[in-house]
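Worksheet: the structure to be examined is printed underneath.
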Amino acid sequence: MKIIVVGAGIVGASTAYHLAREGVEVVVVDQQHEGQATAAGAGIICPWISSGEEEHPDWYALAKAGACYYPSLISMLEQDGETNVSYRLVGAMAVNSDEEELDAIEQKVRERQSETPEVGEIRRLSADEAQALFPPLKSGLGAVYVSGSARVDGKLLRDAMKRGAERHGVLYKAGEAGLEVKDGKVAGVRVNDQLISADAVVVTAGAWISKLLEPLGIDLSVEPQRGQIIHLEVPGQDTSDWPVILPQNDHYLVSFDDSRVVVGATRETGSGFDYRLTAAGVKEVLDEALSVAPGLSNSTLKEVRIGFRPFAKDLLPLIGCVPSIEGLVIANGLGASGLTMGPYVGSAAANLVLGKELDMDLTPFDPLRKATV
Ligand code: FAD
């Protein structure tokens, strides 16, 4: 069996890696668009403290499965010699000056912990204790600390899965793929005027999926949502164990090994594929970060990234087969939580295309649930 994966963000990289480990012949085609979400993502893996669309039970079930899947993936990658993935359980702190808000967060996290031990230890911290764990934090913010929260650098993880997949024989091809369908069945993809035939195609094309499916008359209404995100360097500080900071809005701070604190991000619905930094976007991100962590005021502004999150209209992911086109599988729409869900969703997409049993009911994520076909 030969399978093509279109897109090599976290979902495509994971799909190809899992297929390759099953010994399947795989070709990955990736256009490397500017604004790949995986390359810009902050890397917070913490579905336990959530809000907004994340309160939807189907969303939470998938995000939980994603967070719980990470240790298995990391150990698979280790077996394949890939250890530079930056995944680490650093814990997260929901911070707030309002003790009642923290009470509500703590109660919800404790409920989740009762059914999911991976949530880890939960501790209520005083403002001084919170600042001891994250020194740049503003004074007077108490916290709910949750130990089972992690961070990962999406680029490093994507590349580790890519190398792992290549070691199992996967071929990578740069270029924009167009789908080829014949007699109601996927025939392969066309890249740079060359037809690559296959028995099945898994489409993991992120925010760009609509362009790929429109010629087949399928409108999934996936939209790009721009995120601008800033990397700060805190010279001389060992930031490697600093917990993720979650101030209960769309903004956050997440630290990595090399004195780096990533702060973000804008959520610009309706942005289209406008790959630009904007004055208002950068201001918003810095204002929000420094209001929570004024101790970062003198950090070095190293880099600003832009990514397009793939969002479905109802904010739920899109994962499944297209019944009218044999051999076509879609894994998309992971929105603001694709680094959490992506590795698990990739493994599910691999199982789907191979016709294997799934360990989760994906019916709520039927990609055609509201599509025009
Ligand atoms: P992408 O990573 O965008 O990859 C899609 C790939 O498909 C691209 O490489 C593109 O070039 C390719 N492609 C598209 N069309 C074609 C074609 N026709 N032919 C060939 N190739 C094609 N998630 C979390 O869990 N935690 C976070 O903290 C977090 N923070 C984020 C912060 C920001 C600023 C952003 C932007 C996102 C964040 N996310 C986070 C979300 C996460 O990054 C995304 O949901 C996830 O990366 C989407 O992965 P993907 O593989 O679906 O798409």
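No experiment lies behind these values; they were computed from the predicted model shown. All ligand and atom numbering here is 1-based and tracks the order in the structure.
Of all the heavy atoms of Thr204, the ones lying under 4.0 Å from any atom of ligand 1 belong exclusively to the backbone. At a 4.0 Å heavy-atom cut-off, ligand 1 touches Gln32 through the backbone alone. In Ala336, the part holding a heavy atom less than 4.0 Å from any atom of ligand 1 is the backbone. Within the 4.0 Å heavy-atom criterion, the part of Leu212 lying near ligand 1 is the side chain and not the backbone.
Nearest non-hydrogen protein atom to atom 50 (P) of ligand 1 is Val11 CG2, 3.8 Å. Of the protein's non-hydrogen atoms, Ala177 O, 3.1 Å is the one closest to atom 18 (N) of ligand 1. Summary of contacts: the protein heavy atom closest to atom 9 (O) of ligand 1 is Asp30 OD1, 2.7 Å. Annotation: atom 41 (C) of ligand 1 to nearest protein heavy atom, Gly335 O, 3.2 Å. Scanning all protein heavy atoms for the shortest distance to atom 33 (C) of ligand 1 gives Arg309 NH2, 3.7 Å. With respect to atom 10 (C) of ligand 1, the closest heavy atom belonging to the protein is His33 ND1, 3.3 Å. Looking only at protein heavy atoms, the nearest one to atom 43 (O) of ligand 1 is Ala37 O, 3.3 Å. In terms of protein heavy-atom proximity, atom 30 (N) of ligand 1 is closest to Ala42 N, 3.0 Å.
Residue Val6 approaches ligand 1 through these ligand atoms, each under 4.0 Å from one of its heavy atoms: 17 (C), 19 (N), 20 (C). Atoms of ligand 1 found under 4.0 Å from any heavy atom of Gly307, numbered from 1 in the order shown, are 36 (C). With ligand atoms numbered from 1 in the order given, ligand 1 contributes 1 (P), 2 (O), 3 (O), 4 (O), 8 (C), 9 (O) to contacts under 4.0 Å with heavy atoms of Gln36. Atom numbering of ligand 1 starts at 1 in the shown order; those under 4.0 Å from a heavy atom of Gly7 are 6 (C), 7 (O), 12 (C). Set against the non-hydrogen atoms of Gly206, the atoms of ligand 1 under 4.0 Å away are 5 (C), 52 (O), 53 (O). Under a 4.0 Å criterion applied to the non-hydrogen atoms of Gly175, ligand 1 contributes the atoms 19 (N), 20 (C). The ligand atoms of ligand 1 that sit less than 4.0 angstrom from a heavy atom of Thr340 are 24 (C), 25 (O).
Note: an N/O pair closer than 3.5 Å links Leu339 and ligand 1 by distance alone. Looking at ligand 1, you won't find any N or O of Gly227 less than 3.5 Å from one of its N or O atoms. Remark: ligand 1 and Trp208 share no N or O pair separated by less than 3.5 Å (distance only, no angle test). Looking at Ala265 next to ligand 1, no N or O pair under 3.5 Å apart turns up. By the 3.5 Å distance cut-off applied to N or O atoms, Gly43 is counted among the residues near ligand 1.
Of the candidates Val189, Ile229, Thr38, it is Thr38 that places a heavy atom closest to atom 49 (O) of ligand 1. Summarising the contacts of atom 15 (N) of ligand 1 with Ala205, Ala39, Gly154, the nearest heavy atom is found in Ala205.
Residues Arg276 and Asp274 are paired through a salt bridge, judged by an N-O separation under 4.0 Å between the basic side chain and the carboxylate. A salt bridge links Asp314 to Arg369: one of the charged nitrogens lies within less than 4.0 Å of a carboxylate oxygen. Ion pair Glu303/Arg305 flagged as a salt bridge, since at least one NZ, NE, NH1 or NH2 atom sits closer than 4.0 Å to an Asp/Glu carboxylate oxygen. Using a cutoff of 4.0 Å between basic side-chain nitrogens and carboxylate oxygens, Arg124 and Asp103 are scored as salt-bridged. A salt bridge links Glu82 with Arg167: the distance from a Lys NZ or Arg NE/NH1/NH2 to an Asp or Glu carboxylate oxygen falls below 4.0 Å. Taking a cutoff of 4.0 Å between a charged side-chain nitrogen and a carboxylate oxygen, Lys64 and Glu118 do not qualify as a salt bridge. Between Arg163 and Asp80, no side-chain nitrogen of the basic residue sits less than 4.0 Å from a carboxylate oxygen of the acidic one, so the salt-bridge criterion is not met.
A centroid separation of 6.0 Å or more is found between the aromatic rings of His56 and Phe365.
Looking only at atom types and distance, the side chain of Ser126 has no donor-acceptor partner in the side chain of Asp128 under 3.5 Å away.
Figure legend: cation-pi geometry between Arg158 and Tyr17 absent, as NZ or CZ is not positioned both under 6.0 Å from the six-membered ring centre and within 45° of its axis.
Within the structure, salt bridge (charged side-chain N to carboxylate O under 4.0 Å, His left out) contacts touching residues 32-41 (residues at least two apart or in different chains) do not occur. Pairs engaging residues 339-356 under the salt bridge (charged side-chain N to carboxylate O under 4.0 Å, His left out) rule: Glu22-Lys356 [sequence neighbours left out].
Residue contact check for ligand 1: Ile10 places a non-hydrogen atom closer than 4.0 Å to it.
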Candidate pair Glu121 and Arg123, rule salt bridge (charged side-chain N to carboxylate O under 4.0 Å, His left out), full reasoning: CA-CA 7 Å; Glu121 184 200 352; Arg123 268 190 289 146; 2.9 Å; yes
Test log, rule salt bridge (charged side-chain N to carboxylate O under 4.0 Å, His left out), inputs Glu233 and Arg260: CA-CA 5 Å; Glu233 187 185 50; Arg260 188 159 49 113; over 6 Å; no
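Separating the CD1 atom in Ile4 from the CG atom in Leu19 is a distance of 12.0 Å, to the nearest 0.5 Å. Once rounded to the nearest 0.5 Å, the distance linking CZ of Arg151 with CD1 of Ile44 reads 11.5 Å.
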